[in-house]
Amino acid sequence: QVQLVESGGGLVQPGGSLNLSCLGSGGDFTIATMSWYRQDAGEQRELVATITRRGSPTYSDSVTGRFTISLDLSRVTMYLQMHNLKPEDTAVYYCNLVDLLNRNSYWGRGIQVTVSS
């Protein structure tokens, strides 16, 4: 069974930086895309950034220029570098993987990011 585990969250002051990681393991899968989503209390889950297995990234307008997504296929790990963090970036961040062959979608359990002074 595919497992995704996020790490690197925490509390940071406005203007600060955090680096998230998502490690994939288990099962038999081939990555088509991996993505970061986030969800704040009472809000809908929103797409933050996506990267294809070829390394092509896309970003939501709210994080463009501040966040960088990357993927290390050899380590089955996706990263999200977050800079100039704002209070509105506060949310639980989720890792998502879409399988290339069967289009199944897998989710991590999420990790809290809090931006506050």
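Note that the structure is predicted; figures quoted are calculated from it, not measured.
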Ignoring hydrogens and angles, tell me if any N or O in the side chain of [X] forms a donor-acceptor pair with the backbone of [Y] under 3.5 Å.
{"X": "Gln3", "Y": "Gly26", "value": "no"}
{"X": "Glu46", "Y": "Arg38", "value": "no"}
{"X": "Arg53", "Y": "Ile31", "value": "yes"}
{"X": "Asp99", "Y": "Asn102", "value": "yes"}
{"X": "Gln39", "Y": "Ala91", "value": "no"}

When rounded to the nearest 0.5 angstrom, what is the spacing between [atom1] in [X] and [atom2] in [Y]?
{"X": "Ile51", "Y": "Trp36", "atom1": "CD1", "atom2": "CH2", "answer": "12.0 Å"}
{"X": "Cys22", "Y": "Leu97", "atom1": "SG", "atom2": "CG", "answer": "7.5 Å"}
{"X": "Asn96", "Y": "Met34", "atom1": "CG", "atom2": "CE", "answer": "8.0 Å"}
{"X": "Gln112", "Y": "Tyr93", "atom1": "CD", "atom2": "OH", "answer": "9.5 Å"}
{"X": "Leu18", "Y": "His83", "atom1": "CG", "atom2": "NE2", "answer": "10.0 Å"}

A quick test of your reading: do over 12 heavy atoms of other residues, nucleotides or ligands sit less than 6.0 Å from CD of Gln44? no
Write down the atom of [X], the atom of [Y], and the distance for their closest heavy-atom approach.
{"X": "Ser21", "Y": "Tyr79", "value": "OG-CD2, 3.4 Å"}
{"X": "Ala32", "Y": "Arg103", "value": "CB-NH1, 3.7 Å"}
{"X": "Ala49", "Y": "Tyr59", "value": "CB-CD2, 3.7 Å"}
{"X": "Met78", "Y": "Cys95", "value": "CE-SG, 3.6 Å"}

Using a side-chain heavy atom cutoff under 4.5 Å and only I, L, V, M, F, W and Y, what cluster partners does Val98 have?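 Members other than Val98 - counting any ILVMFWY side chain reachable under 4.5 Å - there are none.
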Honestly curious: do Val63 and Leu85 fall in one hydrophobic cluster under the side-chain, below-4.5 Å linking rule?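 Same cluster.
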Same apolar cluster (I L V M F W Y, side chains within < 4.5 Å links), Leu23/Val92: no
Under the ring-ring contact (aromatic ring centres under 6.0 Å, His included) test, residues paired with Tyr37 that sit two or more places apart: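 Counting only residues at least two positions away or on another chain, Tyr37 forms a ring-ring contact (aromatic ring centres under 6.0 Å, His included) with Trp107.
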Ser116 side chain reached by Leu11 side chain, heavy atoms, under 4.5 Å: yes
A side-chain contact here means heavy atoms from C-beta on lying under 4.5 Å apart; do Met82 and Leu20 qualify? yes
Just checking, is any N or O donor in the side chain of Asp40 or Thr90 under 3.5 Å from an acceptor N or O on the other one? no
side-chain contact (heavy atoms from CB on, under 4.5 Å) for Val76 and Phe29? Distances and angles first, verdict last. CA-CA 10 Å; Val76 198; Phe29 60 91; 3.7 Å; yes
Name every donor-acceptor pair, under 3.5 Å, that has one atom in a side chain of residues 66-74 and the other anywhere in the protein, sequence neighbours excluded.
from: Arg66; atom 1: NH1; to: Asn84; atom 2: O; distance (Å): 3.0
from: Arg66; atom 1: NH1; to: Asp89; atom 2: OD2; distance (Å): 2.8
from: Arg66; atom 1: NH2; to: Ser62; atom 2: O; distance (Å): 2.8
from: Arg66; atom 1: NH2; to: Asp89; atom 2: OD1; distance (Å): 3.0
from: Arg66; atom 1: NH2; to: Asp89; atom 2: OD2; distance (Å): 3.4
from: Asp72; atom 1: OD1; to: Ser74; atom 2: N; distance (Å): 3.1
from: Asp72; atom 1: OD1; to: Ser74; atom 2: OG; distance (Å): 2.5
from: Asp72; atom 1: OD1; to: Arg75; atom 2: N; distance (Å): 3.3

